[in-house]
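Here the structure comes first, spelled out in structure tokens, and everything after it is commentary.
Order of the sequence lines fixes the chain letters, A, B, ..., with proteins taken first and strands second; residue numbering starts at 1 for each chain.
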Amino acid sequence: AQSVTQLDSQVPVFEEAPVELRCNYSSSVSVYLFWYVQYPNQGLQLLLKYLSGSTLVKGINGFEAEFNKSQTSFHLRKPSVHISDTAEYFCAVSDRDGQNFVFGPGTRLSVLP
Amino acid sequence: EAQVTQNPRYLITVTGKKLTVTCSQNMNHEYMSWYRQDPGLGLRQIYYSMNVEVTDKGDVPEGYKVSRKEKRNFPLILESPSPNQTSLYFCASSFRDNYGYTFGSGTRLTVV
């Protein structure tokens, strides 16, 4: 079974600064990896996903993530954040049968003016 | 508009009173799933379905039932709700396992 760790429960950052949200996973099989964003009082929205191929994945709203198989990581980055990026971010992993879709505990990103 | 629709958005009920949270998707997705979200615990899968009449337990199925009689609908049933089922519930659907899920807006359930 998979598991996902998001080491930072909260990340405060000033507007226009870069940010990295960390995600590590454990699995004995090949996986798919996802990042979701949840704005206040809303459902989750898919930011990006890694299925195969290039390890650098670009998503919506200027976010990107890099898959590192040796470190079993899938960190999310943005070079310059905006106030509107304030939200909770969830990393998720799925095995290739799609039967074990597991979310991490989430990281709350607060962008400060 | 492609979407997953959950109803109701908010529900307060009493212990032991059966309730159903409905979920419907208009994208012809095969996969559907229910999650509950609790502070500090992230999202935990309750049940999932890979197609009509095919359902399986997720990580926290106790106290819940589901059915998948039609492709578009995946209701969540709480036969005898208890206060520990107070939570934010999300329904989600996906075309295939590697597409990522589309989520509904959530149902905030309070059991008193």
May I have the list of side-chain donor-acceptor pairs in residues 75-83 of chain A shorter than 3.5 Å, sequence neighbours left out?
unit_1 : atom_1 : unit_2 : atom_2 : d
H75(A) : ND1    : C23(A) : N      : 3.0
H75(A) : ND1    : C23(A) : O      : 3.4
R77(A) : NE     : E20(A) : OE2    : 2.8
R77(A) : NH1    : E66(A) : OE1    : 3.4
R77(A) : NH2    : E20(A) : OE2    : 3.3
K78(A) : NZ     : N61(A) : O      : 2.8
K78(A) : NZ     : D85(A) : OD1    : 3.2
K78(A) : NZ     : D85(A) : OD2    : 2.8
S80(A) : OG     : E16(A) : O      : 3.4

Inset, instruction - Can you sort out the partners of F90(A) under ring pair (Phe, Tyr, Trp, His ring centres under 6.0 Å), two or more places apart, ordered by chain and number? - result: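 By the ring pair (Phe, Tyr, Trp, His ring centres under 6.0 Å) rule, F90(A) matches no residue at all.
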Are [X] and [Y] connected in the hydrophobic side-chain network, where two residues link if heavy atoms are under 4.5 Å apart?
X	Y	result
V19(A)	L47(A)	yes
F90(B)	Y64(B)	no
L11(B)	L76(B)	yes

What donor-acceptor contacts under 3.5 angstrom involve side-chain atoms of residues 102-113 of chain A, with partners at least two apart or in another chain?
unit_1  : atom_1 : unit_2 : atom_2 : d
T107(A) : OG1    : Q6(A)  : NE2    : 3.2
T107(A) : OG1    : D8(A)  : O      : 2.6
R108(A) : NH2    : E88(A) : OE1    : 3.0

Legend entry - Residue L46(A) versus chain B: region with a heavy atom under 4.5 Å: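 Contact with chain B: side chain only.
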Legend entry - Contacts of residues 102-109 of chain B with chain A (heavy atom under 4.5 Å):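 Only F103(B), G104(B), S105(B) of residues 102-109 of chain B have a heavy atom under 4.5 Å from chain A.
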Inset, instruction - Would you mind checking which part of Q37(B) comes under 4.5 Å of any heavy atom in chain A, side chain (CB onward), backbone (N, CA, C, O), both or neither? - result: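 Contact with chain A: side chain only.
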Legend entry - Within 6.0 Å of CG in N41(A), more than 12 heavy atoms from elsewhere: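 No, because the 6.0 Å sphere around CG of N41(A) holds 12 heavy atoms or fewer from other groups.
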Legend entry - Check: Y101(B) main-chain N/O paired with Y36(A) side-chain donor or acceptor under 3.5 Å: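 Indeed, once roles are kept as given, a pair shorter than 3.5 Å links the two residues.
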